[in-house]
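Residues: numbered from 1 along the sequence shown. Since we're looking at a predicted model, the values are computed, not measured. Side chains are part of it too, since the values below use all heavy atoms of this structure and drop only hydrogens, waters and symmetry mates.
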Amino acid sequence: MHHHFLQQAIELASQNVADGGGPFGAIIVKDGAIIAASGNRVTPNLDPTAHAEVMAIRAACRQLGDFQLNECTLYTSCEPCPMCLGAIYWARLAMVYYACNRFDASQAGFDDSFIYDEIPKQPAERTIAMHYIELPSANQPFQEWYKLDNKIRY
């Protein structure tokens with residue numbers, strides 16, 4: 001069964017290339033049925049976050065009416081990049097299956113190793129420097145959140 005869904009993700013990736021998108025496809029399955037699928041839509045949507053996995057996660061959440069996908073499995077044509085990996089953990093997917101790895105993607109011109117290299121660096125030492133500014137009101141949103149009785153934790 002896993003081979004079948006993974007093959008569909010690969011076919012979706014190939015079709016996505018023909019449709020003007022990137023060579024990536026992702027499918028989300030729950031209880032043996034596909035509930036969401038997408039190709040990479042970065043360039044057609046002019047959205048650097050429109051990776052196949054993120055697009056499929058968004059669609060699956062809308063389909064289920066929930067922001068958690070903990071009973072779902074993601075099948076993706078390629079090992080998820082760091083951004084997609086973060087989305088997978090935030091969505092709490094149960095399992096991920098992938099066909100190509102990040103080194104295959106790199107050979108095709110999709111090298112995300114620079115992001116993996118940036119993660120362990122201190123924020124101010126990253127290629128895109130990130131600077132902390134201390135403000136007295138910085139924690140106000142967190143304090144307001146903490147006080148809420150009806151908050152939905154995620």
Of the non-hydrogen atoms in M83 and P48, which two are nearest, and what is the gap between them? CE-O, 3.9 Å

Looking only at non-hydrogen atoms, find the nearest pair between G20 and P44 and report the distance. O-CG, 3.5 Å

Any heavy-atom pair between the side chains of I35 and C72 that's under 4.5 Å? yes

Give a yes or no answer on whether the side chain of T43 reaches the backbone of G21 with a donor-acceptor pair at less than 3.5 Å. no

In the structure I gave you, are the side-chain heavy atoms of H2 and L6 within less than 4.5 Å of one another anywhere? no

Using 0.5 Å steps for rounding, measure from the CD1 atom of I27 to the NE2 atom of H4. 8.0 Å

Side-chain contact test, heavy atoms from C-beta onward, threshold under 4.5 Å: evaluate it for Y98 versus L74 and give yes or no. no

Taking W90's backbone N and O only, do any of them form a donor-acceptor pair with R92's side chain (distance below 3.5 Å, no angle check)? yes

Does any non-hydrogen side-chain atom of F5 lie less than 4.5 Å from one of I34? yes

I28 CD1 to Y75 OH distance, which is reported to the nearest 0.5 Å: 11.5 Å

Once rounded to the nearest 0.5 Å, what's the spacing between atom SG of C78 and atom CG of D112? 8.0 Å

What one should report as the nearest heavy-atom pair of A59 and A36 is CB-CB, 3.8 Å

Is it true that E118 and R126 have a side-chain N and a carboxylate O under 4.0 angstrom from each other? no

Might you point out which heavy atoms bring K151 and R153 nearest each other, and give the distance in Å? CE-NH2, 3.3 Å

Quick check: do I57 and I88 have side-chain heavy atoms less than 4.5 Å from each other? yes

Decide if the gap between the ring center of F24 and the ring center of F110 is smaller than 6.0 angstrom. yes

Taking a hydrophobic cluster as the set of Ile, Leu, Val, Met, Phe, Trp and Tyr residues connected by side-chain heavy atoms closer than 4.5 Å, whether directly or through intermediates, do V96 and L64 fall within one such cluster? yes

Looking only at atom types and distance, does a side-chain atom of E79 sit under 3.5 Å from a main-chain N or O of R102, one as donor and one as acceptor? yes

Do E11 and N16 come within less than 4.5 Å of each other through their side chains, counting heavy atoms only? no

Look at the side-chain heavy atoms of Ile, Leu, Val, Met, Phe, Trp and Tyr, link any pair under 4.5 Å apart, and say whether V29 and L12 land in one connected group. yes

In this structure, CE of M95 is separated from CG of N70 (nearest 0.5 Å) by 12.5 Å

Would you please say whether a donor-acceptor pair under 3.5 Å links the side chains of H3 and Q7? no

Please name the pair of heavy atoms, one in A13 and one in G25, separated by the smallest distance, quoted to 0.1 Å. CB-N, 3.4 Å

How far apart are the closest heavy atoms of A124 and A129, and which atoms are they? O-CB, 3.8 Å

Are any non-hydrogen side-chain atoms of Y132 and P123 less than 4.5 angstrom apart? no

Within the side chain of N40, is there an N or O that forms a donor-acceptor pair under 3.5 Å with the backbone of H51? no

Side-chain donor or acceptor of R41 paired with backbone N/O of L46 under 3.5 Å: no

Atom pair CE (M130) and CD (Q122), whose distance is rounded to the nearest 0.5 Å: 12.0 Å

Inter-residue atom distance Y97.OH - M1.CE, 0.5 Å rounding: 8.0 Å

N45 (side chain) donor-acceptor with V42 (main chain) under 3.5 angstrom: no

Pairs under 3.5 angstrom only: tabulate donor-acceptor contacts from the side chains of residues 138-149 to other protein residues two or more places apart or in another chain.
unit_1, atom_1, unit_2, atom_2, d
Q140, NE2, E144, OE2, 2.9

